[in-house]
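Side chains included, hydrogens not; waters and symmetry mates left out as well; all remaining heavy atoms used. Remember, predicted model here, so these are calculated numbers, not experimental data.
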Amino acid sequence: MIVTFETPSTPDAAARHSSLLPAAGDSDPTQYLNRELSWLEFNARVLSEAASMEVPLFERLKFLGIFFSNLDEFFMVRVAGLQAQTHRTITEVPPDGMKPQEQLLAISARAHALFDSAYRLWNTEMLPALHRVGVRIVRPEELDAAELAVLDERFRTDIFPILTPLAIDPGHPFPHLRNKSINLGIMFSREHEGEEPGFGVIQVPPMLSRLMRVRVDGCGRAFVLLEDVIARHVKEFFPVSRLRGTYPFRVTRNWDLEIDEEEGEDLLETIQAELRRRDRGNAVRVEIGVGGGVGASVQRLCRALGIDPNLDVYRVSGPLSIVDLVSVVGEDDRHLRDESFTPQVPVALRDVEDPFAVIRERDVPLHHPYDSFDPVVEFISRAADDPNVLAIKQTLYRTGGDSPIVKALARAAENGKQVTAIVELKARFDEASNIQWARTLEQSGAQVIYGLLGLKTHVKALLVVRREKDKLRRYVHLSTGNYNPHTARLYTDFGLFTANREIGEDVTSLFNLLTGYSAPPRWNRLVVAPLGLHEAILGLIARETEHARAGRKAEIVAQMNALVDVDVIDALYTASQHGVDIRLFVRGICCLRPGIPGLSERIQVRALIDRFLEHKRVFRFANGGAEEFYFSSADWMPRNFHRRVEVLVPLLDPAARTRAEDMLATLAADTAKTWALNADGSYTRVATPTGAATVRSQQRFMELARERPKPADVLARGGRFHIFQVGHGEGGDELRRKNGKKKKHHPQS
């Protein structure tokens with residue numbers, strides 16, 4: 001049985017079970033974990049993977065880079081927002097009751113401890129391990145005379161002409177330093193001893209590689225850092241000054257967009273203007289590296305940047321921005337990387353001349369990256385060239401540069417098809433890229449829509465309308481992940497091809513909502529935010545509570561990226577108190593406290609950090625024995641429920657439901673890469689029971705993919721879907737990344 005959710009204008013599922021939901025205002029702050037501190041614990045788990053000796057060296061280095069990249073985004077958005085709140089008369093107090101200043105104090109303490117741990121790992125483990133495999137990062141003074149002369153000549157010809165020394169005095173105010181740029185602070189004496197020491201800045205050119213290759217006897221690959229080479233020649237920029245010290249520092253700024261959509265006549269132009277302004281955001285953090293003269297100038301630096309010298313200064317005992325150093329390991333160092341893995345094209349879509357016929361017959365689930373993303377790209381490409389396809393409509397959030405999907409949509413428009421692209425310009429950190437290819441689509445003749453006023457379009461949906469035997473048929477693809485072939489190799493996501501009539505009608509209504517502000521009288525199968533998804537989730541939880549009270553089977557299993565919404569947490573607490581068994585797999589932020597007697601003792605929360613970034617949102621509700629499965633683009637967060645366009649999709653096909661059930665069961669069995677959340681907000685590694693075999697869920701999924709029929713004979717017969725090798729990506733953002741990541745990535749798509 002599938003639950004039917006009424007339209008937003010009528011009572012919904014939650015209202016029918018309202019007696020089982022917590023009363024508004026009853027929340028006790030001690031029952032919730034702080035969102036920001038929970039995120040820091042997520043990043044601590046990322047750091048733990050970098051410290052794991054079971055992880056290949058290059059992958060450890062990538063995890064370390066991801067850790068630092070994630071922190072950059074955290075400070076640029078979350079910490080920047082809290083700092084802004086401290087200057088307002090009205091501040092936002094989270095459910096845990098911590099005021100902005102209290103949060104900043106706690107964040108600073110935890111972040112400083114994590115920084116120290118990360119650099120201790122770099123110095124005591126990473127550098128010696130790299131040295132053992134023939135990779136070294138050296139200082140210029142460690143080179144022999146001949147190699148040093150070569151390096152000095154490279155500086156004079158390739159670096160010196162680019163640099164601009166900036167002396168700071170009453171006639172030369174402190175310069176604006178770009179976000180995340182590395183700079184050299186230079187201290188020098190004035191003519192009169194009583195005067196305040198002089199201060200200068202040299203910005204390290206971001207267009208040059210920080211890693212300069214040098215020759216060191218007995219070493220396969222050796223590098224010096226660009227900032228160290230510049231520091232060696234600082235005297236040449238201030239020849240008449242007495243230098244007192246030189247050190248590198250790096251500024252992190254408020255990087256969030258502030259957009260008043262109602263005031264902006266053209267959203268695209270408004271965002272373009274905001275992007276130009278963003279680089280001048282307030283400083284929120286400064287990292288200071290090893291060097292001389294730091295003590296005498298740190299207060300001055302903090303005054304110039306307007307930051308707190310106690311909370312916002314991070315002294316590091318190693319190179320700044322370690323994410324830039326991942327490339328010290330070359331592509332040919334296969335033994336230092338994870339084993340290669342080739343995503344598999346699902347059997348149902350291999351060697352088929354007509355994928356539309358396959359999808360008409362049954363739903364086709366996709367579990368990335370174990371299932372290849374190629375069928376999605378190929379499906380869009382075929383639709384672009386198919387003369388029977390009349391229209392293609394698609395949401396685009398983060399597609400990446402040089403996207404084959406954007407090219408296919410542009411080609412479809414040029415072929416005369418009705419192409420509509422819902423482009424989310426406000427996808428954080430991807431705004432500039434999205435503007436660029438949105439322009440490309442417009443030039444090809446596609447209709448480009450920038451979503452609904454005041455809402456982010458986060459739903460991942462594709463609709464193809466095709467003429468077949470004098471009637472129109474809808475083909476739909478829905479997913480938890482972005483239409484991005486690169487991240488589809490790094491993130492775990494769940495997608496579905498379907499020709500189900502009711503879902504097709506709903507997706508048509510969804511696009512009409514996005515383009516024409518017209519919601520249907522009711523939805524057939526989909527649940528759409530912000531038009532009832534929050535109420536629907538509360539209703540599903542309350543229904544399980546009702547089943548438990550009646551003695552029927554009641555269980556909730558849910559995988560997501562974040563659990564923050566207080567109403568949902570309270571509903572889960574109530575469900576636990578009435579006997580519902582609840583297992584949650586929350587990769588990142590979790591504000592629920594599990595295992596508290598009388599409140600949440602039937603709730604378990606697990607988090608998995610491994611090779612791929614866990615990104616899918618899949619849910620199972622026991623429903624008294626008539627199990628229901630759903631997947632969604634939305635996490636259980638206020639922003640997803642109320643400020644984004646999202647969907648919750650039921651799995652109707654038995655094979656798709658079985659696939660989801662197997663995914664959740666395999667995830668629950670993991671004892672290799674899983675952490676358990678404790679009631680105090682700390683995490684503990686899950687141990688393998690005595691005598692049992694260790695289960696690594698992502699490894700198991702790769703094994704299952706390899707065990708399916710091999711694609712070699714398919715290619716030999718000229719099948720349309722091609723196979724590619726999984727790349728290893730680059731470390732960085734929101735886990736954006738090997739285990740994902742750029743996190744940014746990011747954190748947080």
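Ring pair F237/F160: centre-to-centre distance below 6.0 Å.
Applying the ring-ring contact (aromatic ring centres under 6.0 Å, His included) test to F115 and every residue at least two apart in sequence or in another chain returns F68, Y314. H233 pairs by the ring-ring contact (aromatic ring centres under 6.0 Å, His included) definition with F155, not counting sequence neighbours.
No side-chain heavy atom of S48 sits less than 4.5 Å from a side-chain heavy atom of Y683. Residues F42 and I609 are in side-chain contact: their nearest non-hydrogen atoms beyond the backbone lie under 4.5 Å apart. The side-chain heavy atoms of L151 and M212, taken from C-beta on, include a pair separated by under 4.5 Å. For the pair F199 and M187, the minimum side-chain heavy-atom distance is below 4.5 Å. Side chains of L311 and L105 form a contact here, defined as non-hydrogen atoms less than 4.5 Å apart. Contact of the E59 side chain with the R337 side chain is registered, since non-hydrogen atoms from C-beta on lie closer than 4.5 Å. Two residues are said to be in side-chain contact when any heavy atoms from C-beta on lie closer than 4.5 Å; Q203 and L166 meet this criterion. Contact check for L613 versus L490: no side-chain heavy atoms found under the 4.5 Å cut-off.
Under a 3.5 Å cut-off, the side chain of T124 and the backbone N or O of R120 do form a donor-acceptor pair. A side-chain donor-acceptor contact under 3.5 Å links D635 to the backbone of N561. In this structure, the side chain of N179 engages the main chain of R253 through a donor-acceptor pair within 3.5 Å. At least one donor-acceptor pair under 3.5 Å links the side chain of S117 to the backbone N or O of A113. A donor-acceptor pair under 3.5 Å is absent between the side-chain atoms of Y397 and the main chain of G481, judged by distance alone. A donor-acceptor contact shorter than 3.5 Å links the side chain of E102 to the backbone of K99. With N43 contributing its side chain and F67 its backbone, the two residues share a donor-acceptor pair below 3.5 Å. At least one donor-acceptor pair under 3.5 Å links the side chain of R60 to the backbone N or O of A50. Using a distance-only test at 3.5 Å, with no hydrogens or angles considered, a donor-acceptor pair links the side chain of R45 to the main chain of R587. Side chain of T252 to main chain of M76: no donor-acceptor pair is present (N/O by atom type, distance under 3.5 Å, no hydrogens or angles).
Checked by atom type, the side-chain pair N282/Q83 shows no donor-acceptor distance below 3.5 Å. When only modelled atom types and interatomic distance are considered, S317 and N123 share a side-chain donor-acceptor pair under 3.5 Å. Judged purely by distance below 3.5 Å, without hydrogens or angles, the side chains of Y247 and S297 pair a donor atom with an acceptor atom.
Taking the charged nitrogens against the carboxylate oxygens, R110 and E41 do have a contact shorter than 4.0 Å, which makes a salt bridge. A salt bridge is defined here as a Lys NZ or Arg NE, NH1 or NH2 lying under 4.0 Å from an Asp or Glu carboxylate O, and D338 with K62 fails to meet this definition. In summary, R78 and E36 engage in a salt bridge, as defined by a charged side-chain N under 4.0 Å from a carboxylate O. Ionic pairing of D96 and R35 is not present here: no N-O contact between side-chain nitrogen and carboxylate oxygen is shorter than 4.0 angstrom.
Pairing each heavy atom of L184 with each of F249, the nearest pair is C-CE2, 3.9 Å. Contact between V224 and R139 at its shortest, heavy atoms only, is CG1-C, 4.3 Å. Listed here is the closest heavy atom pair of G97 and P29: N-CB, 4.2 Å. Nearest heavy atom pair, residue V251 against residue A283, reads CG1-CB, 3.8 Å.
Within 6.0 Å of NE2 in H131 there are 12 or fewer heavy atoms belonging to other residues, nucleotides or ligands. Around the CZ atom of R156, the shell of radius 6.0 Å holds more than 12 heavy atoms that belong to other residues, nucleotides or ligands.
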Begin with the C-alpha distance, continue with both residues' side-chain angles, and end with the deciding distance and a verdict on side-chain contact (heavy atoms from CB on, under 4.5 Å) for L61 and L336. CA-CA 10 Å; L61 182 59; L336 303 180; over 6 Å; no
Enumerate, atom names and distances included, each donor-acceptor pair closer than 3.5 Å involving a side-chain atom of residues 320-327, sequence neighbours excluded.
{"unit_1": "S321", "atom_1": "OG", "unit_2": "D324", "atom_2": "OD2", "d": "3.0"}
{"unit_1": "D324", "atom_1": "OD2", "unit_2": "R210", "atom_2": "NH1", "d": "3.2"}

